[in-house]
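Worksheet: the structure to be examined is printed underneath.
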Number of protein chains: 2
Amino acid sequence: MEKNLSLLKRSALFLGVDEGEIESMLGCLGAKTQDYGKEEYVLREGDSPEAVGLLLSGGILIVQEDYWGNRNIRARIVPGQVFAEAFACVPGAVMDVSVLTDEKSRVLWLNVQRVLHTCPSACAHHSRMIRNLLSDLAENSLRANEKLTHISRRSTREKLLSYLSAEARRQGRAEFFIPFNRQQLADYLSVERSAMSAELSRMQRDGILSVDKNRFP
Amino acid sequence: MEKNLSLLKRSALFLGVDEGEIESMLGCLGAKTQDYGKEEYVLREGDSPEAVGLLLSGGILIVQEDYWGNRNIRARIVPGQVFAEAFACVPGAVMDVSVLTDEKSRVLWLNVQRVLHTCPSACAHHSRMIRNLLSDLAENSLRANEKLTHISRRSTREKLLSYLSAEARRQGRAEFFIPFNRQQLADYLSVERSAMSAELSRMQRDGILSVDKNRFP
DNA sequence: ACAATTTTGTTGTAAATGCAACAGAAAGAG
DNA sequence: CTCTTTCTGTTGCATTTACAACAAAATTGT
């Protein structure tokens, strides 16, 4: 659990809360961990989750599937990040996406409704948690906006460039890794995998970038 | 101002706050109104707004323009709605979109940082405001998600159907109006206007829908 | 190390989209 | 009302993408 605590301390949700306080807040939030195997559903379209998930280890994908199994990847969640917070914060909101693991994962479920509905003075840390949740939702909104920037581009090449330069900027160096394989990247950018592969080849031929598996440049 | 108050009372930000309290909160938030002409910038890409905007009258668009003036519309804000809240809530966040009026508009600027940074007990309504802001951000996130659903569709027809059925659902009846003209709708769905017009014609010919200007079906 | 499975890149063809140009309809100005 | 401007739909053509099928490369399990 020590390892988890250090992860929690660095997560957006527990920002500015020291380890001792985190433990008492976990009780307050009815925290429960749950383990999932590889490629297992964590939440399904149609669910109305009451708790937010905080990924402790592994990796999960937020995906949407249309009527004929065409899959669109909304985001990849890495350890320390929170998911389903918007649905958990809007009572009765029905998920139009599913959450599933990409690898063996462990999730910490936090019932934030308790924090939202009881008087903030009931627990000294409630207001801190609410403000952290607010920051998280705001950042979540900025991330969704960023994805909209990528997939609003008209051509596959522009989408790739938009995504890759954002990723390079985020990782803050010339060499960077992307958290997707080719099929997942195509599903993330809403393009066709083979066409995207071909485009990546042309971009390398044109000297715009170089790529070795998931390593750019 | 009475008219404004009744609008504010119905807005997400002041939900559950009665009129008398709203007036005192407005002082607390350093509220200022500002008027804008038709097609005037309210915020520009690169700005880091410190206040959230609440639209009192008129109509505004959240847009993103790429290097060659290709415009993408993120959302249309109608009176009572809030905008730029995610940027205002993440200190230092730089806008990657612009906000401009579609018609003559009046905006109420609210400095929410004061509410976020001082102790919640300083004003009895701070915690209410924070929770309302949280709800608003969560709903904002759901709306961004919804837009992602539309533009992730592969074909123009699918994008139109996804958007139009969502709009019909939201307005809760068979007959509904959309808040965009053809060019704006194309910019919203990231497709080409003339191709979209042609597709709308084909869809009518196929009996999928009927459309008269902005009225469906 | 080998076989089986999955992932990735390549190619050809059909279909869809972007673009440009234009004409009719609608809206706005005087 | 008339003229001007803006908006919308239509069409042809060049370009791009989706789809399917396949081969090469990499990964996994035994």
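Letters go in sequence order (proteins before strands), and every chain restarts at 1. Just so it is clear, the model here is predicted, and its values are computed rather than measured.
- Each of dG18(C), dC7(D), dT17(D) was ranked by its minimum atom distance to the side chain of Arg154(A); first place goes to dG18(C).
- Rounded to a whole Å, the CZ atom of Arg153(B) is 17 Å from the P atom of dA16(C).
- Residue-level contact check: Ser194(A) touches the bases, meaning some heavy atom is under 4.0 Å from a base atom.
- Here the nucleotide nearest the side chain of Val191(A), chosen from dG18(C), dA18(D), dT16(D), is dA18(D).
- At the heavy-atom level, Ser201(A) lies under 4.0 Å from the strands shown only through sugar-phosphate atoms.
- Nearest nucleotide to the Ser197(A) side chain, out of dA16(C), dG18(C), dT8(C): dT8(C).
- One can place CZ of Phe180(B) at 17 Å from C1' of dT8(D), the figure rounded to the nearest angstrom.
- Ring to ring, Tyr41(A) and Tyr36(A) are not that close: their centroids are 6.0 angstrom or more apart.
- Whole-Å rounding puts the Leu185(A) CG to dT8(C) C1' distance at 13 Å.
- Atom pair Asp102(A):CG and dT7(C):P shows a separation of 10 Å (rounding to whole Å applied).
- Between Phe83(B) and Trp109(B), the ring-plane angle classifies as perpendicular under the 30° and 60° cut-offs.
- In this structure, CD of Glu103(A) is placed 12 Å from P of dT28(D), rounded to the nearest angstrom.
- With respect to the salt-bridge test (charged N to carboxylate O, under 4.0 angstrom), the residues Arg143(B) and Glu146(B) do not qualify.
- Remark: the Arg202(B) side chain and the dG9(D) base include no donor-acceptor N/O pair separated by less than 3.5 Å.
- Protein atom CE of Met196(B) is 15 Å distant from nucleotide atom P of dC19(C), rounded to whole Å.
- Taking only distance into account, the side chain of Arg193(B) meets the base of dG9(D) through a donor-acceptor pair shorter than 3.5 Å.
- When atom types are taken as modelled, the side chain of Ser105(B) and the backbone of Glu103(B) share a donor-acceptor pair closer than 3.5 angstrom.
- A donor-acceptor contact shorter than 3.5 Å links the side chain of Thr101(B) to the backbone of Glu40(B).
- A sub-4.0 Å separation between OP1 or OP2 of dG9(C) and a side-chain N or O of Arg182(A) is present.
- Note: CD (Gln183(A)) to C1' (dT5(C)) measures 16 Å, nearest angstrom.
- With rounding to whole Å, Glu199(B) atom CD is found 12 Å from dA15(C) atom C1'.
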